[in-house]
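Data first, discussion second: the structure below is written as structure tokens.
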Amino acid sequence: MATPPDSPLLPDVVARLRAAGCVFAEEEAQLLLAAAAEASASQTSDPGDPAGATSALDALVRRRAEGEPLEYVLGWARFCGLRVEVDPGVFVPRPRTEFLVECAAEAGREASVIVDLCCGTGALGAALTERLGAAGSRAVELHAADIDPAAVRCAARNIARFGGRTYQGDLFDALPEALRGRIDILLANTPYVPTDDIPFLPSEARDHEARVALDGGADGLAVMRRVAAEAHRWLAPGGVVLVETSEQQRDAALAEFAAGGLDATTESSEEFWATVVLGRRSR
Ligand SMILES: C[S@@+](CC[C@H](N)C(=O)[O-])C[C@H]1O[C@@H](n2cnc3c(N)ncnc32)[C@H](O)[C@@H]1O
């Protein structure tokens, strides 16, 4: 029998999560109850087996209480209203990055070729394609690439329903030559934490997400700098590349985009607590 989210087990789960230091214990408990119900419904051969549901729940709560990120325990994250699958070690899409998608949707209203470079779960490309499709513009061709094979496998599942294609490799080396000069929107949420700041990240990121997803080199801009230098060769005339940076990195990122021959601008949002740098190739 599936364990409903309003189960009598709820107070106990909330108490265990609170004791482990989870700030949003109530909300997380509801999500874990629902996940356990889903897992036991799909696994148990005996639908009247409440013990199966209870042990599934216990395992999930234990993992969360031991500090595993909620999204890994659930196997998914909410991003721009989409339920995005998240595999262990693959970067969990952050709410603040929804601002990058908003900027891209604004810049790319007429876009037909989208590339999500450094794609992680593929959440950004999926969300942008969904948004442009919902706006009724035109059929969108979606491509996503990452250096981490686990990310590529995860992204492949998340973008399959948009007909998206995935590639594995180092930045632009991963992309098919046929995309050169054709990309209307290049999403690139490169890692941007300076190497020396990694030890100060919350344990959920530091101990559970792949190092390659976080480490942006000495000044946090090492990967972004390479994207800025090469993007103009891949963008279509008028095409735009977008990256997320910290406020402190913004001016240096703008300079890198300008040095890469792009018309560089920046957008910030207090609501999302996010900064995005855009580089447009001239027409
Ligand atoms: C900050 S995460 C962003 C993931 C995803 N775009 C998101 O916002 O949720 C950075 C991603 O860049 C990938 N990455 C790091 N270096 C790379 C490189 N040289 N080439 C391609 N991908 C890279 C990492 O594997 C990771 O998935």
Side-chain angles (χ1 to χ4, degrees), residues 69-72 76-105 114-130 142-159 164 166-176 179 183 185-195 197-198 201-202 204-206 208-231 234 241-246 249 253 272-277:
L70 178 70
E71 293 81 359
Y72 291 154
W76 59 271
R78 188 69 60 194
F79 185 79
C80 290
L82 296 180
R83 178 169 157 150
V84 175
E85 291 187 32
V86 186
D87 290 347
V90 179
F91 188 83
V92 176
R94 309 295 205 259
R96 80 160 54 151
T97 308
E98 294 185 0
F99 181 60
L100 190 151
V101 174
E102 276 195 6
C103 295
I114 296 171
V115 171
D116 186 354
L117 205 58
C118 297
C119 66
T121 61
L124 279 59
L128 180 61
T129 305
E130 164 97 349
L142 172 62
H143 304 263
D146 201 286
I147 201 164
D148 177 359
V152 175
R153 282 193 296 273
C154 185
R157 298 200 306 279
N158 284 318
I159 68 173
T166 50
Y167 315 92
Q168 194 234 322
D170 182 20
L171 296 183
F172 297 96
D173 288 355
L175 301 180
L179 281 173
I183 302 172
I185 292 289
L186 178 61
L187 307 160
N189 189 17
T190 53
Y192 61 88
V193 181
T195 305
D197 291 350
I198 301 252
L201 288 175
E204 290 190 6
R206 199 182 60 230
H208 295 274
E209 292 182 316
R211 173 89 182 205
V212 71
L214 304 170
D215 194 340
D219 63 356
L221 297 173
V223 185
M224 190 234 68
R225 190 170 285 120
R226 292 171 55 213
V227 171
E230 251 198 278
W234 292 85
V241 52
L242 301 97
V243 300
E244 185 177 281
T245 67
S246 69
Q249 294 166 335
F272 288 95
W273 206 52
T275 302
V276 168
V277 175

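Along the sequence shown, the residues carry numbers beginning at 1. Keep in mind the model is a prediction, meaning the values are calculated, not measured. Order of listing sets the numbers, starting from 1, for every ligand and every atom in it.
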Review point. Nearest non-hydrogen atom to atom 23 (C) of ligand 1 belongs to which of V84, V227, I147?
Key: I147

**Study point:** Check: V152 main-chain N/O paired with D146 side-chain donor or acceptor under 3.5 Å
**Key:** no

Review point. Quick one: which ligand 1 atoms are inside 4.0 Å of a heavy atom on A213?
Key: 1 (C), 2 (S), 10 (C), 24 (C), 26 (C)

Review point. Would you call L171 a ligand 1 contact, heavy-atom distance under 4.0 Å?
Key: yes

Review point. What's the shortest distance from atom 7 (C) of ligand 1 to any protein heavy atom, and which residue and atom give it?
Key: L124 CD1, 3.6 Å

Review point. Quick check: does any side chain N or O of Y192 sit under 3.5 Å from a backbone N or O of V223, one acting as donor and the other as acceptor?
Key: no

Practice item. Would you check whether L117 has a nitrogen or oxygen atom less than 3.5 angstrom from a nitrogen or oxygen atom of ligand 1? Key: no

Point to revise | Exam field: side chain Q168 to backbone I147, donor-acceptor pair closer than 3.5 Å | key: yes

Check your understanding: With E209, which residues qualify under salt bridge (Lys or Arg N to Asp or Glu O under 4.0 Å), at least two apart?
Key -> R94

Check your understanding: Of the protein's non-hydrogen atoms, which lies at the shortest distance from atom 3 (C) of ligand 1, and what is that distance?
Key -> N189 O, 3.2 Å

Check your understanding: Can G122 be said to touch ligand 1, with heavy atoms closer than 4.0 Å?
Key -> no

Check your understanding: Heavy atoms, side chains only, cut-off 4.5 Å: are F79 and T97 in contact?
Key -> yes

Review point. Among protein heavy atoms, which lies nearest atom 19 (N) of ligand 1, and at what distance?
Key: D170 OD1, 2.8 Å

**Study point:** Flag side-chain contact, heavy atom, 4.5 Å: R153 against V90
**Key:** no

Review point. For ligand 1, which atoms have a heavy atom of G169 less than 4.0 angstrom away?
Key: 20 (N), 21 (C)

Exercise for review: Assess C119 for proximity to ligand 1: is some non-hydrogen atom of it under 4.0 Å away?
Suggested key: yes

**Study point:** Where ligand 1 meets D148 - atom numbers and elements under 4.0 angstrom, heavy-atom basis
**Key:** 25 (O)

Check your understanding: Going by the angle between their ring planes, with limits at 30° and 60°, are W234 and F172 parallel, tilted or perpendicular?
Key -> parallel

Check your understanding: Between the main-chain N or O of V84 and the side-chain N or O of N158, is there a donor-acceptor pair closer than 3.5 Å?
Key -> no

Practice item. Can you spot which of I185, L142, L242 makes a side-chain contact (heavy atoms from CB on, under 4.5 Å) with L128? Key: I185

**Study point:** Top protein contact for atom 15 (C) of ligand 1, by heavy-atom distance
**Key:** V212 O, 3.2 Å

**Study point:** Check: E98 side chain, C80 main-chain N or O, donor-acceptor pair, under 3.5 Å
**Key:** yes

Check your understanding: Which atoms from ligand 1 have a heavy atom of P191 less than 4.0 Å away?
Key -> 10 (C), 12 (O), 15 (C)

Check your understanding: For T121 and ligand 1, does the shortest N/O to N/O distance drop below 3.5 Å?
Key -> no

Review point. Is there a nitrogen or oxygen of D146 sitting under 3.5 Å from a nitrogen or oxygen of ligand 1?
Key: yes

Revision key, fill the gap. For atom 4 (C) of ligand 1, the closest protein heavy atom turns out to be C118 O, 3.4 Å

